[in-house]
> 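Pasting a structure below so you can have a look.
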2 protein chains.
Amino acid sequence: MPFPQTEVPGRLQAELMSRGLRMTRQRRTILSVVETAKQHLDAAQILRHARKIDPQIDRVTVYRTLALLKRHGLIDELDLMHMQGEKHFYERRPQRDHIHMACLRCGKIMEFESDLFDRLKGQIQRDCQFHIVVTRLEVGGYCSRCRTAKPD
Amino acid sequence: MPFPQTEVPGRLQAELMSRGLRMTRQRRTILSVVETAKQHLDAAQILRHARKIDPQIDRVTVYRTLALLKRHGLIDELDLMHMQGEKHFYERRPQRDHIHMACLRCGKIMEFESDLFDRLKGQIQRDCQFHIVVTRLEVGGYCSRCRTAKPD
DNA sequence: TTTCCTCTTGCAACTGAGTGTCAACAGTGT
DNA sequence: ACACTGTTGACACTCAGTTGCAAGAGGAAA
């Protein structure tokens with residue numbers, strides 16, 4: 001996911017405010033959690049982190065804030081190939097889309113940017129006359145470490 | 001999704017039997033539903049269709065059979081950008097992977113095959129030394145009919 | 001600073017997809 | 001037909017996410 005250090009802290013908050021949305025104590029908390037996350041977090045993990053800062057925060061507020069951020073295109077929702085049940089994971093939307101690769105053996109999530117991916121998106125827009133808002137490319141398989149000993 | 005008419009009827013059943021799995025009445029029913037589906041169906045829809053053929057069939061059996069087919073790589077599971085809640089949709093695994101495009105306005109699902117997509121997968125395998133088992137590329141946006149009048 | 005409007009929150013109850021357990025059942029090879 | 005073993009159906013359960021509503025809190029205007 002985008003390195004926290006390459007991002008301006010408070011960017012999500014600034015974006016929401018510039019859109020005229022109310023900046024509440026709870027939203028600030030949840031935004032800071034999402035913004036400083038070092039892995040992909042699901043809603044329950046975001047709630048746990050947020051409660052370390054503000055123990056009163058409710059899980060409903062987390063869901064609502066994530067929905068808000070998603071609606072405004074500020075975060076992306078990932079499934080990570082449903083490797084850990086049906087939960088969804090979240091990450092700040094990066095400058096450039098990337099691919100998520102999930103190792104079916106060790107569970108590691110890897111990310112990959114590619115010109116071909118960018119070109120593929122361009123082809124879709126042109127050939128299908130489809131205006132792309134969001135993309136999600138997830139790949140399941142075996143990472144270099146696990147591929148030599150893959151199951152069944 | 002792959003046109004039913006281009007597929008050998010009973011292919012899924014033949015595949016499962018060749019893998020030494022028991023061919024029960026219920027499995028035959030569910031397989032035929034999946035094989036002849038004309039759109040992407042979720043588990044509940046597959047159950048409903050299956051019950052028209054065999055009213056005794058239980059939803060647990062549908063879930064178990066879908067899991068079996070998925071485990072054997074005979075069907076793919078789709079999220080279709082979570083446009084209709086959290087349900088998952090299923091389709092026979094086609095010869096060649098394709099991209100799913102979901103119109104955020106009218107809900108239409110379109111499919112697209114692309115050499116660039118095939119090349120991208122090759123690049124991932126090479127550059128990341130990642131052995132790909134399954135891919136899912138879903139795109140959300142606005143189709144040609146809806147793009148002129150897209151919301152907010 | 002205080003007021004007031006409106007949006008947001010927390011709570012509780014709910015929904016709906018999917019899972020685990022276990023006794024009864026039914027394929028399949030002999 | 002038998003017996004072994006994998007499969008099914010019923011039921012209760014889990015867990016992510018949603019809804020409705022009264023109370024609370026931004027923040028713009030006075």
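A note on names: the letters A, B, ... follow the listed sequences, proteins ahead of strands, and every chain is numbered from 1.
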> Each nucleotide in nucleotides 24-30 of chain C should get exactly one letter: B, S or -. Can you fill that in based on protein heavy atoms under 4.0 Å?
--BBS--
> Quick one: does A:F112's side chain get under 4.5 Å of A:H98's, heavy atoms only?
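A side-chain contact is absent here, since even the closest heavy-atom pair is not under 4.5 Å.
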> Rounded to whole Å, please give me the gap between CG in A:D79 and C1' in D:dA16.
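Value for this atom pair: 13 Å.
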> Sort out for me which residue in A:L69, A:I75, A:V34 forms a side chain to side chain contact (heavy atoms under 4.5 Å, CB included) with A:Y90.
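That would be A:I75; it is the only one of A:L69, A:I75, A:V34 passing the side chain to side chain contact (heavy atoms under 4.5 Å, CB included) with A:Y90.
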> Round to a whole Å and report the spacing from CD1 of B:I30 to P of D:dT8.
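Taking atom P of D:dT8 as the reference, CD1 of B:I30 is at 7 Å.
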> Would you indicate, yes or no, if C:dG10 has its OP1 or OP2 atom less than 4.0 angstrom from a side-chain nitrogen or oxygen of A:T61?
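Looking at the OP1 and OP2 atoms of C:dG10, one of them is under 4.0 Å from a side-chain N or O of A:T61.
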> B:H72 and B:E15: side-chain donor and acceptor closer than 3.5 Å?
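Judged by distance alone, the side chains do not pair up.
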> How long is the gap from NE2 on B:H49 to OG1 on B:T29, to the nearest 0.5 Å?
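Between B:H49 NE2 and B:T29 OG1, I get 13.5 Å after rounding to 0.5 Å.
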> Would you tabulate the pairs of protein nitrogen or oxygen atoms and nucleotide nitrogen or oxygen atoms of nucleotides 17-22 of chain C closer than 3.5 angstrom?
unit_1, atom_1, unit_2, atom_2, d
C:dG18, OP1, B:H88, ND1, 3.0
C:dG18, OP2, B:Y63, OH, 3.1
C:dG18, N7, B:R59, NH1, 3.3
C:dG18, O6, B:R59, NH2, 2.8

> What closest approach, in Å, do A:M83 and A:A102 show between heavy atoms, and which atom pair accounts for it?
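Smallest interatomic distance, heavy atoms only, reads SD-CB, 3.7 Å.
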> Rounded to whole angstrom units, what separation is found between the CG atom of A:L68 and the C1' atom of C:dT9?
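Roughly 14 Å, once rounded to whole Å.
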> D:dG27 C1' sits how many Å from A:L16 CG, rounded?
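Roughly 16 Å, once rounded to whole Å.
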> Rounding to a whole Å, what distance do you find between A:Q45:CD and D:dA16:C1'?
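Distance, rounded to whole Å: 13 Å.
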> Whole angstrom is fine here: how far is it from CG in A:D54 over to C1' in C:dT9?
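After rounding, the gap between these two atoms is 11 Å.
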> Would you please classify the geometry between the B:H88 ring and the A:H82 ring as parallel, tilted or perpendicular, with 30° and 60° separating the classes?
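Because their plane-to-plane angle is under 30°, the rings of A:H82 and B:H88 count as parallel.
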> If I take atom CD1 in residue A:I57 and atom P in nucleotide C:dC11, what distance separates them, rounded to the nearest angstrom?
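Atom-to-atom, A:I57 to C:dC11, this comes out as 11 Å.
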> For A:D97 and A:T135, does a side-chain donor sit closer than 3.5 Å to a side-chain acceptor?
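Note: A:D97 and A:T135 side chains meet the donor-acceptor criterion.
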> Using atom CG of A:L31 as one end and atom C1' of C:dT9 as the other, report the distance to the nearest whole Å.
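About 16 Å, once rounded to whole Å.
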> To the closest 0.5 Å, what do you measure between CD1 (A:I99) and CE (A:M110)?
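Nearest 0.5 Å value for the CD1-CE distance: 12.0 Å.
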> Side chains of B:Q84 and B:F89: does their closest heavy-atom pair fall under 4.5 Å?
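Yes, side chains in contact.
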